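Step one of this worksheet: look at the structure below.
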Amino acid sequence: MDKVDWPLFGRKLTGWYRPDRRPMPWKGDRNPYRVWLSEIILQQTRVAQGLPYFERFVAAYPTVADLAAAPDAEVMKHWEGLGYYSRARNLLKAARKVVEQYDGRFPATYEGLLTLPGVGPYTAAAIASFAFDRQVAVLDGNVFRILARYAGDPTPIDTGPGKKHFQSLVDAALGDTPAATFNQAIMDFGALVCTPKAPQCPSCPLADRCRALAQDRVYELPVKGKSGKRRERFFHYLVLTDEAGRFLIHRREERDIWRQLYQFPLLEAPTLDLRPAALMELDEWPDWLPAAELHYEGRSTPFLHQLTHQRIGVIFHRFRWSTMGQLPAHYLRIERWELERYALPRVITRYLEESRLTLDL
DNA sequence: AAAGCGTGGCG
DNA sequence: TCGCCAAGCTT
């Protein structure tokens, strides 16, 4: 097998590249704060989905010092709906670290950037190249796919050795090409030409040297292990209101999805089909909630909430709890309108939208 | 080192 | 409908 001519790959790639083919508000921006913010938002997230969040964060927090000074709950609220909420928690940690330990300035090297929470190899390389002109290549999903196809390389991409292997390939491909341009070009190329599902091979400028295309293996590459099956879960939310129509909520703290987001009291059960009486029989039923004082007011239709590794059936059970008095620690009694001030999982905001339409709440 | 972490769009 | 996957990181 002949060795791949990586310098040629780099020349063709940068020859194809035009910044305006895929406009993004942060493209060409060299401000480390905005580069970092955009890269965190775009981790495992499509540009179209992240874009409004970027605008919102920049407007709310123009500088890293503004962000560092923000309350946790406010940042989580801004992040609401974007998913992977550890990014928001780490965003704040990193902003505070920059302010407190780095005098308000982002580290200007790949290694320095890696010390920030939420900044891994990809993000450090992106910031180092875009904001500080460091000669480092990014390795993201696009790069894996493009290189695996171009080189016809069946090395699995989701293992330690595989990542190291493709890092060496992209390093070779980068060569002396200015890294900011190369990195932007290869990611745009992956988004516009060498796409996962419907790659534009007939019009691809790299087609004449693409080994996957020559061997008709484009759709088999890159190789990755098969995804495990989804965990099934069933959530029963208790929507408890007092005589004034106030709600009971609390913040999720456990190592699980939606940490630091707010929700109604939750019972997780082995099934979705539970009547109120069966609900109260569960071991999980909270001691502080006297079943005799509750007046059942109906339940929602089931919601199916799909996550990458879980499918969650969710039902909201409405109860009137007129004597709602002393609350357990960490539970909040709030007005209906105050709900909007808390960061909520998507399934809960969807329920609230729907129940507003049906006038249930 | 593998598993866990959200949400939405697309074929 | 369903699985894949999108500018990954942490533990």
Side-chain angles (χ1 to χ4, degrees), chain A residues 22 24-27 29 34-54 76 79-91 93-94 113-130 137-146 156-164 166-167 170 180 182-192 194-199 219 222 224-231 233 252 254-261 303-312 314 343-350:
Chain A
R22 212 180 171 221
M24 294 173 279
W26 49 82
K27 192 180 271 190
D29 194 335
R34 289 190 297 272
V35 171
W36 164 72
L37 180 60
S38 69
E39 294 301 339
I40 301 297
I41 286 175
L42 263 45
Q43 287 170 3
Q44 297 289 282
T45 302
R46 295 170 186 284
V47 170
Q49 190 187 358
L51 200 125
Y53 288 83
F54 177 79
M76 296 308 289
W79 201 271
E80 180 186 83
L82 192 54
Y84 284 149
Y85 297 95
S86 66
R87 289 183 294 170
R89 301 190 299 268
N90 286 330
L91 192 77
K93 279 190 202 165
L113 288 159
L114 273 182
T115 68
L116 299 175
V119 175
Y122 162 77
T123 306
I127 303 172
S129 62
F130 296 144
V138 296
L139 182 58
D140 79 331
N142 293 298
V143 178
F144 280 121
R145 187 173 60 253
I146 294 165
I157 65 172
D158 52 359
T159 68
K163 288 180 173 51
K164 194 165 290 187
F166 281 100
Q167 183 68 57
V170 74
F182 178 91
N183 287 336
Q184 194 57 67
I186 200 166
M187 289 191 287
D188 280 3
F189 188 79
L192 296 175
C194 197
T195 56
K197 300 223 172 134
Y219 289 93
K224 66 176 74 171
K226 26 182 173 293
S227 51
K229 53 174 176 291
R230 290 218 242 291
R231 173 153 76 125
R233 304 175 77 177
R252 291 178 63 91
E254 54 273 38
R255 292 177 69 81
D256 196 350
I257 55 173
W258 305 329
R259 184 144 58 99
Q260 288 187 31
L261 272 64
F303 290 75
L304 177 59
H305 193 71
Q306 298 261 16
L307 291 71
T308 302
H309 300 289
Q310 304 184 25
R311 341 170 6 115
I312 311 178
V314 183
L344 306 169
R346 201 68 184 86
V347 70
I348 293 188
T349 61
R350 273 197 278 147

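Here is how names work: the chains are called A, B, and so on, in the same order as the sequence lines, proteins then strands, and each is numbered from 1. Predicted, not measured: the structure shown is a model, and the values here were computed from it.
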Rounded to the Å, how far apart are R230(A) CZ and dC5(C) C1'?
11 Å
Can you tell me, in whole Å, how much space there is between the P of dG8(B) and that of dC9(C)?
22 Å
NZ of K27(A): more than 12 outside heavy atoms within 6.0 angstrom?
yes
Sugar-phosphate only, base, or nothing, as touched by K229(A) at under 4.0 Å among non-hydrogen atoms
nothing
Could you pull out the closest heavy-atom pair between V143(A) and V138(A), with the gap in Å?
CG2-O, 3.5 Å
Separation between the C1' atoms of dG6(B) and dC4(C), rounded to whole Å
15 Å
Find the distance L42(A):CG to dG8(C):C1' and express it as a whole number of Å.
11 Å
Heavy atoms of I41(A) and L82(A) approach each other most closely as CG2-CD2, 4.1 Å
How long is the line joining CH2 of W26(A) and C1' of dA7(C), in whole Å?
9 Å
If I take atom CD1 in residue I127(A) and atom C1' in nucleotide dC9(C), what distance separates them, rounded to the nearest angstrom?
13 Å
To the nearest Å, give me how far apart CD1 (I157(A)) and C1' (dG8(C)) are.
12 Å
Output one letter per nucleotide in nucleotides 2-10 of chain B: B when a protein non-hydrogen atom lies under 4.0 Å from the base, S when only the sugar-phosphate is that close, - when neither is.
---BBBBBB
E39(A) and F130(A): side chain to side chain contact (heavy atoms under 4.5 Å, CB included), yes or no, with the steps?
CA-CA 11 Å; E39(A) 294 301 339; F130(A) 296 144; 3.5 Å; yes
Using atom NZ of K163(A) as one end and atom C1' of dC9(C) as the other, report the distance to the nearest whole Å.
11 Å
So what does Q184(A) touch, heavy atoms closer than 4.0 Å: a base, only the sugar-phosphate, or nothing?
base
Please figure out whether R145(A) or T123(A) has its closest DNA chain C nucleotide nearer the 5' end.
R145(A)
Touch check for V119(A), heavy atoms < 4.0 angstrom, all strands: base, sugar-phosphate only, or nothing?
sugar-phosphate
Residue that, paired with W26(A), satisfies ring-ring contact (aromatic ring centres under 6.0 Å, His included) out of Y53(A), W36(A), F54(A)
F54(A)
Applying side chain to side chain contact (heavy atoms under 4.5 Å, CB included), run through Q184(A) and R22(A) and close with a yes or a no.
CA-CA 10 Å; Q184(A) 194 57 67; R22(A) 212 180 171 221; 5.6 Å; no
